[in-house]
Amino acid sequence: MAEDLQDYTIIKEGEADILMNVKNQVFFNKAQVNNRDLSIAVLRTFISKRQEEHEAMLSKRTKSAEKASEKDTAGPAVEEASTGSALDNEKSNGECEVHEEISQDEPCSISEESVKNTEGNHHGELKPPKVLEALSASGLRALRYAREVEGIGKVVALDNDKASVEACQKNIKFNGSVAISKVESHLADARVYMLTHPKEFDVVDLDPYGSPSVFLDSAVQSVVDGGMLMCTATDMAVLCGGNGEVCYLKYGSYPLRGKYCHEMALRILLASIESHANRYKRYIVPILSVQMNFYVRVFVRVYTSASAMKNTPLKLSYVYQCIGCDSYHLQPIGRTMSKGSSVRYLPGFGPVVPQECSDCGKKYNMGGPIWSAPIHDQEWVTSVLEGVKSMKDRYPAYDRISAVLTTISEELPDVPLFLSLHNLCATLKCTSPSAVIFRSAVINAGYRISGTHVNPLGLKSDAPMDVIWDIMRCWVKNHPVKAQAPDQPGSIILAKEPVLQANFARAVASLSKAQAKKVARFLPNPERHWGPKLRAGRQITTKHISLLGPEAVNEHLNHENSEEPKAKRPKTGDTTDPTSSS
C-alpha cells in the first residue's frame, strides 16, 4: 500500500480528501473549486426551501381538509343517514381538488412522488433529497455534497470510465463512514442511467468536460417535479460565436460575437434546456445563472405542466446585432392576447428592425433564439448569498463566490444582454465618460441601469438604443472628437442631432450599494494558469506549459523519467548480466 501511495497525492478541498494519481488518469481541476462551492451553497438553499414548500403544502392540504369537514357537519342532522355515501365522495373530491391545485401553472416544488410518500406518514416528513452526479471522475464533488450539505440523502456518482470509478470508490473509503453510507459509485453511461431512472432524483448535477448537450434530454426526465438541475458548459468557444454552426447543431441557437457573448452563452444554454424539457410537457424556472472563469453554470427548477409550457415562446427571442455599431434589438418569438378570461397564444409581431440600422445605416446579423426571460430568481440569490456569508469558513472560494453573488444581486433581472461603454466610445472615437457619469445620464433620463457579473465594463439598461446614442452625442458635444470619414458608423451617428438633452449631473443611484461600500466584485485569479486542464488520459508534454504551467509539466516529466529506468532494467539485465552463460 505504501508503494502504491507513491503515485498519489492527497488533495483536500472543503471537508473532503481525495487521492489523485499523478499520471493524469482521472480528471481533476483545482479551478473548479468556485463551481463546487457555489453548487454546495445553492444545494443548501434548495434543501431549506424544499422543506418550507413542503410544510406550506401540508398546511394547505390540512386547511382544505378542515373546510371539507366543516361543510360535511354543517348539513341538517336529518340528512346524515342518507348522505353517508355522499360524504365519502365529497372527501375524495376534496383530495382531487388539492391535487389539481398542486399541478396548476404555479410552480410547485414538491414532486408527486414525495406527496405519495408522505400521505402514509402521520408526521408528514419529507424524505432527504436524492442527488445524482452524472459525471463524477474522482468523486470529489459527490464527497463534498455528502460531507458538507446537512440534510442530504443518497448521492449517486456515475462515470463510464473504469479508472474514474475505481478512483471514486477508493476516495469514498478514504473519506470514512459518512461518505461510505451516503455515496455510491457506478460504472454506467449517464444518459442510459438517467433514462432508466425517470423522475427519481431531486437534484441532477451535470458537469461534463465540454458540452452538456448530449445529456440534457435524459437529465430533464430524471429530475422529479420541482427538483433542480445544475448544468455546466465549458465549450465557450462554441457558445460565444467562435463556431456558430456547431453551436446551432448542439444547442439549436446561433450565437453572436458581441461583448455580451458570455451572457448570450448562458441564455443559449437555458433555451436548450427548456427545449428538451418541453418535449416531455415540462418547463424550467432559472434560479441562478453564472458565467465564471472559463465556463457557464445554470441552476434551474424543473416542473411538469402542459398549460404552463405554452408560455415558452414568450420567454424566447431572436437577437438583431448591428455590424457597424453596438445597437442590438430583441424579437420575441411569441405573444399573447387576452379576451376576458381566455388567453390566445400568437406569433410575435415583426420585424422589430428595418433592413438597415437606424443609427448607423449598416446591416444586422441575426442570432438566437435565446432565453430572454429573467435568468436569476432574486429571492434565491439573496438567500444563497446570506447563507454563504453566514458560513464563510466552510467555503474555500468564499471571496470569489460572494463577489459574484453580490454583483448578481444588483443586476436588473428583466433586461437581457448588456452594453459596453468602451465599445460605444470606440465606435464614436471619443474619450470615455466614467461609468458613474454615464449611469447618471441614463437615470436622469428616466431609465434604469445596473452592472453585470459577466463583464466589469458591461452595463444593463432598459433605455432604448436611440436614448443611449443621444446621451453619447451630448457627451461628444462637450468633448469634441477628430473628424472621421463620412461613411464610418461613428460619423453617421454623430451627424444626427440628439433628440434627448442628456443631464450628466451625478445621480444618487449612480453607484450600487456594493460599489458605495467598496465591496470587491471582480477578483483576479488566485494563481497563474487558473483555467481549463487536460482531459484525463492525455499524455502531458512540454507543449502544455501555457496551459498547466512549467512547474506542473516539469514535475510530471521528471516523475515519468524516474520511472523509465525501472521499467527497462529487466531488459538490460537479460543482455548484460555477468552471471549469464556465454
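Predicted model, so just to flag it, every value in this text is computed and none were measured.
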Practice task
Take S420 and D326, measure what side-chain hydrogen bond (donor to acceptor under 3.5 Å, both in side chains) needs, and give me the verdict at the end.
Solution key: CA-CA 8 Å; S420 170; D326 290 287; over 6 Å; no
Practice task
List the steps, then state whether side-chain hydrogen bond (donor to acceptor under 3.5 Å, both in side chains) holds for S218 with R191.
Solution key: CA-CA 6 Å; S218 50; R191 295 166 293 183; over 6 Å; no
Exercise for the section: Evaluate the criterion side-chain hydrogen bond (donor to acceptor under 3.5 Å, both in side chains) for residue pair Y251 and S211; output intermediate values, then yes/no. Expected result: CA-CA 9 Å; Y251 298 98; S211 173; 2.8 Å; yes
Problem - Y395/S402 under side chain to side chain contact (heavy atoms under 4.5 Å, CB included): CA gap, chis, key distance, verdict - result: CA-CA 10 Å; Y395 293 100; S402 62; over 6 Å; no
Practice task
Before giving the answer on side chain to side chain contact (heavy atoms under 4.5 Å, CB included), spell out for Y248 and S253 the whole-Å C-alpha distance, their side-chain angles and the decisive distance to 0.1 Å.
Solution key: CA-CA 5 Å; Y248 186 81; S253 296; 5.6 Å; no
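Residues F438 and I449 meet the side-chain proximity criterion, which asks for heavy atoms closer than 4.5 Å. Counting heavy atoms from C-beta on, the side chains of Q331 and F349 never come closer than 4.5 Å. Contact check for F201 versus V156: side-chain heavy atoms found under the 4.5 Å cut-off. Side-chain contact between P498 and L500: absent, with no pair of heavy atoms (C-beta onward) separated by less than 4.5 Å. Residues D202 and V131 are not in side-chain contact: their nearest non-hydrogen atoms beyond the backbone lie 4.5 Å or more apart. Counting heavy atoms from C-beta outward, E497 and K477 have side chains that approach closer than 4.5 Å.
Under 4.0 Å is where a charged nitrogen must lie from a carboxylate oxygen, and between R144 and D37 at least one such pair does. Remark: D414 does not engage K460 in a salt bridge, criterion side-chain N to carboxylate O under 4.0 Å. Salt bridge present: E200 and K130 bring a charged side-chain N and a carboxylate O closer than 4.0 Å. The residues D205 and R36 are annotated as not salt-bridged, no charged nitrogen and carboxylate oxygen being separated by less than 4.0 angstrom. Under the 4.0 Å criterion applied to side-chain N and carboxylate O atoms, R279 and E274 are not assigned as salt-bridge partners. A salt bridge does not link E245 with K250: every distance from a Lys NZ or Arg NE/NH1/NH2 to an Asp or Glu carboxylate oxygen is 4.0 Å or more. Salt bridge present: R282 and D225 bring a charged side-chain N and a carboxylate O closer than 4.0 Å.
A donor-acceptor contact closer than 3.5 angstrom links the side chains of E411 and H453. No hydrogens or angles considered: a donor-acceptor pair under 3.5 Å links the side chains of D217 and Y280. S317 and W371 are not linked by any side-chain donor-acceptor pair at a separation below 3.5 angstrom, with hydrogens and angles left out of the test. Judged purely by distance below 3.5 Å, without hydrogens or angles, the side chains of Y345 and N311 pair a donor atom with an acceptor atom.
Between H376 and W380, the ring centre distance reaches or exceeds 6.0 Å. Checked against the 6.0 Å centroid criterion, the rings of Y260 and Y328 qualify as a close aromatic pair.
Of all non-hydrogen atoms in I468 and V442, the two that sit nearest each other are CD1-CG2, 4.4 Å.
Between the side chain of T427 and the backbone N or O of N423 there is at least one donor-acceptor pair closer than 3.5 Å. Between the side chain of T382 and the backbone N or O of Q378 there is at least one donor-acceptor pair closer than 3.5 Å. Side-chain atoms of S342 do not come within 3.5 Å of backbone N or O of S338 as any donor-acceptor pair. Without hydrogens or angle criteria, E263 side chain to L417 main chain gives a donor-acceptor distance under 3.5 Å.
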